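Since this is a predicted model, take the numbers as computed values, not measurements.
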Amino acid sequence: MICTEDEDLGERLAAIGPVAKALDCVGGQLGADVSRALAPGGTMVVYGALSTHRQADADRLTIPLFARSMIYETKTVRGFWLYRWFTTSTPDDILTALARTFELVDSALRFRS
């Protein structure tokens, strides 16, 4: 996880190297920078657009992607909206996912203590 409030994105990505998977809750230019750090065949899931908060500037409402990088390196960028997932999933799938989420949170809390 990289928090750009505390870290320089470019420096951290250079230290990590190409990544296979990324989650982006910001979008905008930051999302574009993260997509460029994906390894060939990598996937980025965009689940938020914090860069668009109270924005009217069209440049902040987009994630500028490089077509060559997407094509030749077969990278994937896809969106995820939790509300849509809830409305299109079966109750059993939702309960299974929530149970797994609670297990992961419990495991993470035990790891820290």
Side-chain angles (χ1 to χ4, degrees):
M1 181 162 84
I2 302 171
C3 176
T4 56
E5 291 278 323
D6 304 326
E7 303 177 79
D8 179 84
L9 180 66
E11 288 177 12
R12 184 70 189 279
L13 289 174
I16 295 171
V19 295
K21 301 196 183 312
L23 298 172
D24 174 37
C25 65
V26 178
Q29 185 57 50
L30 187 64
D33 295 343
V34 171
S35 75
R36 269 187 253 125
L38 289 172
T43 299
M44 179 170 85
V45 176
V46 180
Y47 69 96
L50 294 174
S51 67
T52 67
H53 181 68
R54 296 187 179 171
Q55 289 296 323
D57 180 6
D59 289 341
R60 294 199 178 245
L61 300 173
T62 61
I63 299 175
L65 301 174
F66 293 98
R68 289 188 304 198
S69 178
M70 302 302 293
I71 296 165
Y72 301 132
E73 297 179 20
T74 62
K75 296 178 180 181
T76 303
V77 176
R78 60 182 301 244
F80 175 78
W81 188 30
L82 185 60
Y83 177 79
R84 180 171 175 76
W85 182 80
F86 272 119
T87 61
T88 59
S89 296
T90 67
D92 284 344
D93 287 343
I94 293 170
L95 289 174
T96 299
L98 289 174
R100 179 67 178 137
T101 301
F102 291 138
E103 288 172 10
L104 292 169
V105 169
D106 182 57
S107 174
L109 292 175
R110 287 183 195 183
F111 177 76
R112 290 187 160 198
S113 35

Same cluster or not: [X] versus [Y], using hydrophobic residues (I, L, V, M, F, W, Y) connected whenever any side-chain heavy atoms lie under 4.5 Å apart?
X: L9; Y: I16; answer: yes
X: Y47; Y: W85; answer: yes
X: L98; Y: L82; answer: yes

Show your working on side chain to side chain contact (heavy atoms under 4.5 Å, CB included) between V34 and V19 and close with a plain yes or no.
-> CA-CA 9 Å; V34 171; V19 295; 5.9 Å; no

Can you tell me how far [atom2] of [Y] sits from [atom1] of [X], rounded to the nearest 0.5 angstrom?
X: M44; Y: M70; atom1: CE; atom2: CE; answer: 7.5 Å
X: D8; Y: T4; atom1: CG; atom2: OG1; answer: 9.5 Å
X: T101; Y: D106; atom1: OG1; atom2: CG; answer: 12.5 Å

Y83 and its ring pair (Phe, Tyr, Trp, His ring centres under 6.0 Å) partner, picked from W81, F86, F80 |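 Of the listed residues W81, F86, F80, the ring pair (Phe, Tyr, Trp, His ring centres under 6.0 Å) partner of Y83 is W81.
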
Heavy-atom pair with the smallest gap, counting every atom of [X] and [Y]:
X: A37; Y: L13; value: CB-CD1, 3.6 Å
X: I63; Y: A32; value: CG2-N, 3.5 Å
X: S35; Y: K75; value: O-NZ, 3.2 Å
X: E7; Y: R12; value: OE1-NH1, 2.7 Å
X: L38; Y: A20; value: CD2-O, 4.2 Å

V45 side chain reached by D24 side chain, heavy atoms, under 4.5 Å |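 Side chain of D24 against side chain of V45, heavy atoms only: no contact under 4.5 Å found.
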
Examine the side chains of T96 and D93 and answer whether a donor and an acceptor come within less than 3.5 Å of each other.
->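 There is no such pair (donor and acceptor under 3.5 Å, judged by atom type) between the side chains of T96 and D93.
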
Taking S107 for the side chain and E103 for the main chain, is one N or O donor matched with an acceptor at less than 3.5 Å?
->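 Side chain of S107 to backbone of E103: no pair is present.
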
